[in-house]
Novice: 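Here it is, the structure in full.
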Amino acid sequence: MTVVFEKTQGLTDKQFHYCPGCTHGVIHRLVAEVLEELGVIGKTVGVAPVGCSVLAYDYFNCDMHEASHGRAPAVATGIKRVLPEHVVFTYQGDGDLASIGTAEIIHAAHRSEKFTTIFVNNAIYGMTGGQMAPTTLIGQKTTTSQEGRKQELTGMPLRISEMMATIDGAVFVERVSVHDVPHIRKAKKAIKKAFEIQLEGKGFGIVEVLSTCPTNWGITPVDSLKWLEENMIPYYPLGNFRTPEEGK
């Protein structure tokens with residue numbers, strides 16, 4: 001019998017704790033599949049953040065390290081420098097990376113540390129109750145912006161990929177989405193490319209993944225996919241911002 005689908009060896013048998021409709025599970029699988037396809041599961045160290053994916057160490061079938069809030073890039077820097085032949089990645093949300101961890105990610109990229117960052121952007125703080133994040137859209141309602149985010153009060157949402165693309169040490173920067181199957185396939189391609197660049201020793205790479213949070217957005221899982229497409233992508237356009245091939 002032909003096998004048309006099977007569980008990736010990059011994930012453990014632990015059941016995900018994520019809310020219904022949350023796309024963290026999809027992103028986990030993409031990362032796990034890439035590690036398996038590249039044959040590096042046995043020499044990979046992932047760094048889990050503080051946030052909804054704080055328990056990522058239960059799901060990835062590789063060595064994992066927990067980091068304090070926002071400090072995953074600093075932890076990954078130490079691991080990669082001590083174990084340069086290993087594949088090292090951070091898996092971070094927008095509250096972790098774009099808020100408390102802004103300095104760590106910027107300076108890791110500036111030094112062109114040779115690890116990979118998977119940055120999950122769902123425009124809100126998920127684990128702590130749905131507060132406004134640096135990536136929350138103008139007009140978007142959260143527990144700390146109950147009338148909608150206002151530019152005059154909190155500024156514009158932070159475009160991480162565009163910002164990272166200005167840093168010479170960030171050799172690969174791409175923004176993808178997982179709101180439908182075609183885009184999921186493109187997301188996997190970008191994630192694989194980022195890891196390949198690490199294996200080639202070319203420098204720091206980051207893949208920003210637009211994701212959903214039905215629970216804190218207050219809409220259904222199906223509607224959340226549509227909301228992402230109609231509201232997040234216009235402000236956070238998809239595409240590649242930097243690649244080594246362009247000599248940037």
Novice: Answer yes when Glu162 and Arg175 have at least one side-chain N-carboxylate O distance shorter than 4.0 Å, and no when they do not.
Specialist: yes
Novice: What I'd like to find out is whether the side chain of Glu104 reaches to under 4.5 Å of the side chain of Gln92, using heavy atoms alone.
Specialist: no
Novice: Under 3.5 Å, side chain of Thr220 to main-chain N/O of Asp223, donor-acceptor pair present?
Specialist: yes
Novice: Is any side-chain heavy atom of Ile191 closer than 4.5 Å to a side-chain heavy atom of Glu33?
Specialist: no
Novice: Sorted by first residue and then second, give each side-chain hydrogen bond (donor to acceptor under 3.5 Å, both in side chains) pair with at least one member in residues 112-125; sequence neighbours left out.
Specialist: Arg81-Glu113, Thr90-Thr117, Ser99-Tyr125, Arg111-Glu113, Thr116-Gln198, Asn121-Thr135, Asn121-Glu208
Novice: Do Leu38 and Val87 share a hydrophobic cluster (ILVMFWY, side-chain heavy atoms under 4.5 Å, transitive)?
Specialist: yes
Novice: Could you walk me through whether His24 and Phe16 satisfy the side-chain contact (heavy atoms from CB on, under 4.5 Å) test, starting with their C-alpha distance in whole Å, then the side-chain angles of each, then the deciding distance to 0.1 Å, before giving a yes or no?
Specialist: CA-CA 9 Å; His24 267 304; Phe16 291 146; over 6 Å; no
Novice: Between Lys80 and His86 (side chain of the first, backbone of the second, donor and acceptor by atom type, cut-off under 3.5 Å), is there such a pair?
Specialist: yes
Novice: Start with the C-alpha gap between Met164 and Phe241, add the side-chain angles, then the distance that decides, and say whether side-chain contact (heavy atoms from CB on, under 4.5 Å) holds.
Specialist: CA-CA 9 Å; Met164 299 299 284; Phe241 294 86; over 6 Å; no
Novice: Which Ile, Leu, Val, Met, Phe, Trp or Tyr residues join Leu137 in one cluster when any pair of side-chain heavy atoms under 4.5 Å counts as a link?
Specialist: Ile124, Ile138, Met156, Leu210, Trp217, Ile219, Trp227, Leu228, Met232, Ile233, Tyr235, Tyr236, Leu238
Novice: Quick check: closest heavy atoms across Ala67 and Val47, and the distance to 0.1 Å?
Specialist: CB-CG1, 3.7 Å
Novice: Evaluate the criterion side-chain contact (heavy atoms from CB on, under 4.5 Å) for residue pair Thr142 and Arg149; output intermediate values, then yes/no.
Specialist: CA-CA 8 Å; Thr142 72; Arg149 180 173 185 166; over 6 Å; no
Novice: Any salt bridge between Glu152 and Lys150, counting N to O under 4.0 Å?
Specialist: no
Novice: Should the ring pair His28 and Tyr59 be called parallel, tilted or perpendicular, given that the plane angle runs from 0 to 90° and is split at 30 and 60?
Specialist: tilted
Novice: With rounding to the nearest 0.5 Å, note down the distance linking CD1 in Ile27 to CD1 in Ile184.
Specialist: 9.0 Å
Novice: Going hydrophobic residue to hydrophobic residue with side-chain gaps under 4.5 angstrom, can you get from Phe119 over to Val45?
Specialist: yes
